Amino acid sequence: MNQEKQKILDMIEQGTITPADGAKLLECLGETEREESAQMRQSAQRMKGKKLRIQVEGKTEETQDLHVNVRVPLVLARYADNILTNCVPQQAAQGMAAQGIDLKELNLSAIVDVFEELDEDILNVAIQDDENDLTVRIYVE
């Protein structure tokens, strides 16, 4: 049972609200949950098959032949918020918090929403100097 439902049931038990009012609140809460679930399904359907691509090609002073090709399904990225906040070790999270990084405030779902609509590269950089000849491209396909 989620926290909101438990709070409503506690208020009924304590007499803060009437059982009828509690039933109305529970009904509204159920509708909100169904709407959110429907929105998530629609978003997942729109993103089906879309991937965040990261490609690095070229050479560096240390590596003469560099090829990086990463594909992350955007459907998975939508759920990364939960994974990040629950899977990062507490000591690491505290270290990041000391640097001003709060994983709970990082809203990857909102970022993924923006990715859904992109038709252009997020990043496209060519780096050339005496030791390096690299091309980095990040985009959604």
Side-chain angles (χ1 to χ4, degrees), residues 1-14 16-141:
M1 182 179 316
N2 67 28
Q3 290 179 329
E4 290 83 11
K5 286 181 182 178
Q6 186 60 50
K7 286 179 184 179
I8 294 168
L9 293 174
D10 289 343
M11 289 190 305
I12 293 170
E13 184 178 309
Q14 296 165 0
T16 308
I17 60 174
T18 66
D21 288 341
K24 289 178 186 176
L25 287 172
L26 288 171
E27 185 178 317
C28 290
L29 186 60
E31 289 175 12
T32 302
E33 289 173 351
R34 284 190 293 276
E35 289 172 8
E36 288 173 357
S37 178
Q39 289 173 348
M40 290 287 279
R41 282 193 304 275
Q42 287 174 343
S43 179
Q45 191 64 29
R46 282 193 313 269
M47 289 189 303
K48 188 174 184 177
K50 286 192 173 186
K51 294 174 180 60
L52 176 65
R53 294 282 311 268
I54 302 169
Q55 292 181 309
V56 180
E57 299 287 335
K59 64 180 179 131
T60 66
E61 187 175 9
E62 297 86 22
T63 307
Q64 289 302 310
D65 193 22
L66 181 65
H67 301 281
V68 177
N69 190 7
V70 179
R71 295 178 183 164
V72 180
L74 285 179
V75 171
L76 289 179
R78 174 160 308 286
Y79 303 102
D81 284 332
N82 234 358
I83 295 168
L84 281 176
T85 56
N86 294 324
C87 294
V88 173
Q90 186 176 7
Q91 187 177 14
Q94 289 171 348
M96 286 187 277
Q99 298 293 320
I101 301 169
D102 184 0
L103 293 178
K104 292 177 183 172
E105 290 183 18
L106 183 63
N107 189 351
L108 291 179
S109 298
I111 296 169
V112 171
D113 288 342
V114 172
F115 286 169
E116 286 179 336
E117 306 301 323
L118 281 180
D119 291 331
E120 57 198 43
D121 287 0
I122 298 166
L123 176 72
N124 193 341
V125 177
I127 303 167
Q128 291 181 320
D129 59 26
D130 294 339
E131 295 89 23
N132 303 301
D133 183 11
L134 290 172
T135 302
V136 179
R137 183 175 180 216
I138 301 174
Y139 60 100
V140 175
E141 72 170 3

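Owing to the predicted nature of the structure, the values given are computational and were not obtained by experimental measurement.
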Heavy-atom pair of closest approach, residues [X] and [Y]:
X      : Y     : answer
Ile138 : Leu52 : CG2-CD1, 3.9 Å
Thr18  : Ile12 : O-CG1, 4.2 Å
Lys5   : Leu26 : CG-CD2, 4.0 Å
Arg71  : Asn69 : NH2-ND2, 3.9 Å

Neighbour count above 12 (heavy atom, 6.0 Å) for [X] [atom1]:
X      : atom1 : value
Gln14  : CD    : yes
Glu141 : CD    : yes
Gln94  : CD    : yes

Separation of [Y] [atom2] from [X] [atom1] (nearest 0.5 Å):
X      : Y      : atom1 : atom2 : value
Asp129 : Leu134 : CG    : CG    : 8.5 Å
Leu66  : Asp133 : CG    : CG    : 11.0 Å
Glu62  : Glu131 : CD    : CD    : 9.0 Å
Leu25  : Glu4   : CG    : CD    : 11.5 Å
Ile122 : Asn124 : CD1   : CG    : 11.0 Å
Tyr139 : Leu123 : OH    : CG    : 12.5 Å

Are Ile54 and Val72 close enough that some pair of their side-chain heavy atoms sits under 4.5 Å apart? no
